[in-house]
Every structure is written in structure tokens, then in C-alpha cells.
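Whatever order the structure lists ligands and atoms in, that order sets their numbers, starting from 1.
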Amino acid sequence: MSQTIDIAEFQNTLEYAKAFDANDPLKNYRDKFFFPQHNNQDVVYFTGNSLGLQPKTTQSYLQQELNDWAKFGVEGHFLAKNPWLSYHELLTDKMAKLVGALPQETVMMNQLTVNVHLLMVSFYQPTKTRFKILCEAKAFPSDQYALQSQLKFHGYSTEEALIEIEPREGEYHIRHEDIYTAIEKNKDSLALIMIGGVNYFSGQVFDMKAITEAGHKAGAIVSFDLAHAAGNLKLQLHDWNVDFAAWCSYKYLNSGPGSVAGAFVHERHLKNADLDQFAGWWGHDKETRFLMDKKFVPMQTAERWQMSNAPVLSMAACRASLDIFDEVGMDVLREKSKKLTAYLEFVVEQINKKKNNCLQIITPKENRGCQISIVANGYGKALYNQLIEGGVIPDWREPNVIRCAPVPLYNSFEDVYRFGVILTNLLK
Ligand SMILES: *Cc1c(COP(=O)(O)O)cnc(C)c1O
């Protein structure tokens, strides 16, 4: 199979899909995950963007910590095979590599929305003249609530201080030029840009490097919510000069429901002694942390935003997943992902030809990761329910979108083909 994606080569047949899978360098990884079953067959799981599947190794990583807890009690902080006192450090290098960060710029802690808030405490410091926040319209609800409540906390109304960039009338995704125009227009009052690296609804990928550059030129801090980008795209947070970012680990990163989240703070901010922050003991300089002194001395790494001691059990699950990602690497994953998603697009378009063009892909072709968002015109949520009954797990987003995210680690071309067959049979 050629390395470049030649859509002209694609064929919507089982034989073709199987041949593609046979040549897939990642074909053995599918077996490393548990698939929910439907009629004794793996479901077509297209929701790795919502909750990634469980690696078969996760259990043993967790079991290790449960065993050490049983064996050592509190002494496990020092005596466990992976001492809990520094357990979070075991995740740092691999996670940093995955998002293109330096190890000192990365920490795994808390949950995503919590991290957004904690980092905004430090990096959203509005002044009389510079107080506005720019985000994409239809940002994930939790991000909208976080931004609105931060504004309110600082005494601003959403109307006066939140700039939401919308798609133009009749369009589904946002034009980058409209983002740059808004940045330029608000260059004297813009304090912070906070955009989802990949919009959860449309699947649109934003040009994080260019937005960061434009934001900095306007004197703003630039940040990204990477919930749908981490483990999906190749990121280069350090080189792009992003100020801060946060992401969860349970979507593309397969670390289990509600698992520990990630945070990135660019190196240039780490040693800034003037930076305000909410502090907790795990952010204190680790050399003197246990002297239990009154004065907070921050770590000189992203760990300075840690507050509490690390949630070892969810970190164990995260470690299991990171070990797989580290073995494969984002370059190889991305290579397959482009083909897999292009194949899904091809299959959907083949179906469209037979079914009156009732399916509309609203994800931009040139700016996407794994996910394709489909509007099925003339069909409501019933179609989604029928897909579930038919052995596909996509997801539904109000008011009218079916999101499908074949992921390169465990989805196959045959999954895409089977999805097409099931979908065709459901359309009138
Ligand atoms: C999934 C998702 C969240 C979820 O936030 P939690 O704090 O993990 O519950 C937040 N923001 C975005 C953009 C998401 O996609």
C-alpha cells in the first residue's frame, strides 16, 4: 500500500478493506484493547474521541499498585515498586513527548476543567484596559462555563468581555482569517485566547502555531484546550510557543473514565516568581516539601501548579496507555489516521451517491484529525439509535450531529467498511 493517500485507489469493498488492514503496520495493536461486544462480534467503536477503549495491560498496572497498597499500607509511598511519592514523575517524559513539550513544562494532575481554572488563575489577570477573552463559538460547554465564571469572578460580564468567533452564516466551521481579524481588532483589550485545539463538535483543527503567533503579536496570552487533540494530532506546544494548555487523558489517550488530566506551561513562565497561583503542598519545592514549612516555595516546573498528592490509581491506568503511545509514536499514528479517516470520508461519499446526498460531512477536509462529524439530513437521533442497535458506537451531539472517530491504534479499515454497510441499510 502506498504511503500517500490516493483516494482514487479506495474501494468500498470488504476485500479492499482487509487488504489495507493486512498492510497496516499497527495491525497488531487492535488486539491489545478490549472491545465491547455486539452479537458476539466487536462493535464498530468510533468513540475513541469520547472514551478510549481499555488497553489489556491496564489491569496489571493497577494491580501492581493495589498489591503494593495491600502489602505496604502507607509505606508504599516509599516501598512500592513505583514509589507513590514520585509516581506522577513516571508519566511526565512520555506525556511531554506526546504533546511536544519539555518534561519540565508538563504535569499530570487533577481533571481537565480544574486545570483550565487553575491555569487561568495565573494567566488570566485582567487589567482595566486588557480584559477580554477570545474563544471559538460552540466551545465545549465546560470551557464556556469556565470562561464565563472566570469573567464573572473578575467582575466582567460575558457580553462585554467574551469574544466568540463563529462560523459565517451557512457555514459549519470557523475561518482562520476571522480569528485573526478579531485578534487584530481587539489588540488593545485582549488578555487571553483560549481555543479548543480541535473543536469537539465540528472536528475542526485550529492552526495552533499561527493563532499563538497572532495572539502574542497582539500582546495576549494564548492557551488551548487539547481534550480532542492530545493523542490525536502531533502537537509541538513548546516550539509553537503556546503559553499554557490542558487536556484530559480518557479520550484519545485511553486512560479510563475521569482519569488524571494533563497541563502544560511554557518554560518561560515556570520560574516567574511574580506569577499568582493557587498553591497546595504538592506544588512546593520537592526538596523541602516535607519540612512542612509555612512559606510556599514553588517548584520551578509545571509541577508548581500541582496541589494535591497524586491520584496513583488513575495514574497507573494512564501509564499503561502512555507506554503504548510511546512505543508507537505520534508520527506513525498520524500517518495511519489520515488514511483511515480519508477512507471513512470516501465510504460516506459512496453511500451519498446512492442515497440522495443525505449525509453532509461538516468537518473541514484540510483541518481534521480522526473525527468526522456528519449531519444526516432528514434523519434525527433515531438514526443514531439504530446504529447502536446495529453494532456501531458513534456518538450523538445535539442538535443534529453524528460524530465518528476511527482511531489509528485500534480501529481498522474493516471497521470503516462495516460501518458503511450498516449505515447504508439504515438509510431510506
Ligand atoms: C471532554 C472535554 C472536556 C471535559 O472536561 P472534564 O473536566 O474532563 O470533565 C472539557 N473540554 C473539552 C474541550 C472537552 O472536549
Side-chain angles (χ1 to χ4, degrees), residues 46-53 91 95 98-99 107-121 124 133-150 162 164-166 173-174 179 192-206 208 211 222-233 235 237 242 244-264 278 305-308 310-311 313-315 317-318 321 362-363 367-373 393-398 401-405 407:
F46 279 176
T47 24
N49 58 344
S50 186
L51 184 75
L53 291 179
L91 306 174
M95 187 54 89
L98 198 122
V99 296
V107 61
M108 298 304 290
M109 59 181 191
N110 310 312
Q111 305 277 285
L112 169 53
T113 310
V114 173
N115 288 346
V116 168
H117 275 299
L118 289 179
L119 294 171
M120 282 184 74
V121 165
Y124 177 58
I133 301 177
L134 183 147
C135 69
E136 86 269 39
K138 265 189 176 292
F140 192 85
S142 200
D143 297 40
Q144 295 186 45
Y145 308 149
L147 297 181
Q148 290 163 9
S149 59
Q150 285 276 342
L162 192 64
E164 293 180 89
I165 313 297
E166 295 185 28
H173 43 267
I174 295 166
I179 299 177
L192 175 73
I193 295 173
M194 158 64 77
I195 291 185
V198 180
N199 180 266
Y200 81 101
F201 185 81
S202 67
Q204 177 176 15
V205 173
F206 291 103
M208 290 172 253
I211 291 172
V222 184
S223 64
F224 294 97
D225 182 324
L226 301 173
H228 280 265
N232 177 11
L233 302 170
L235 302 169
L237 299 180
V242 170
F244 72 91
W247 58 95
C248 53
S249 69
Y250 50 80
K251 291 176 177 168
Y252 290 99
L253 293 177
N254 310 326
S255 302
S259 195
V260 65
F264 163 89
F278 284 175
W305 281 273
Q306 277 190 134
M307 297 189 125
S308 300
L313 296 180
S314 88
M315 285 190 168
C318 189
S321 171
I362 64 165
T363 309
N367 291 305
R368 70 182 178 204
C370 297
Q371 175 183 330
I372 279 181
S373 300
I393 307 187
D395 87 356
W396 171 261
R397 290 291 133 156
E398 295 293 345
V401 162
I402 293 175
R403 300 188 309 177
C404 295
V407 306

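In this structure Q148 satisfies the side-chain contact (heavy atoms from CB on, under 4.5 Å) test together with Q144, Y145, T158, sequence neighbours excluded. The salt bridge (Lys or Arg N to Asp or Glu O under 4.0 Å) search around D143 returns none, not counting sequence neighbours. In terms of the side-chain contact (heavy atoms from CB on, under 4.5 Å) criterion, residue partners of S50 (sequence neighbours excluded) are, by chain and number, T47, D395, R397, R403.
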Q | Evaluation steps, side-chain contact (heavy atoms from CB on, under 4.5 Å), between N199 and H173 | A | CA-CA 9 Å; N199 180 266; H173 43 267; over 6 Å; no
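Side-chain N or O atoms of S249 include none that pairs as donor or acceptor with a backbone N or O of C318 at under 3.5 Å. For the pair Q306 (side chain) and M109 (backbone), a donor-acceptor distance under 3.5 Å is absent.
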Can you pull every nitrogen or oxygen pair between ligand 1 and the protein closer than 3.5 angstrom?
{"unit_1": "ligand 1", "atom_1": "5 (O)", "unit_2": "T113", "atom_2": "OG1", "d": "3.3"}
{"unit_1": "ligand 1", "atom_1": "7 (O)", "unit_2": "T113", "atom_2": "N", "d": "2.9"}
{"unit_1": "ligand 1", "atom_1": "7 (O)", "unit_2": "T113", "atom_2": "OG1", "d": "2.6"}
{"unit_1": "ligand 1", "atom_1": "8 (O)", "unit_2": "Y250", "atom_2": "OH", "d": "2.5"}
{"unit_1": "ligand 1", "atom_1": "11 (N)", "unit_2": "D143", "atom_2": "OD1", "d": "2.7"}
{"unit_1": "ligand 1", "atom_1": "11 (N)", "unit_2": "D225", "atom_2": "OD2", "d": "3.0"}
{"unit_1": "ligand 1", "atom_1": "15 (O)", "unit_2": "H228", "atom_2": "NE2", "d": "3.3"}
{"unit_1": "ligand 1", "atom_1": "15 (O)", "unit_2": "K251", "atom_2": "NZ", "d": "2.5"}

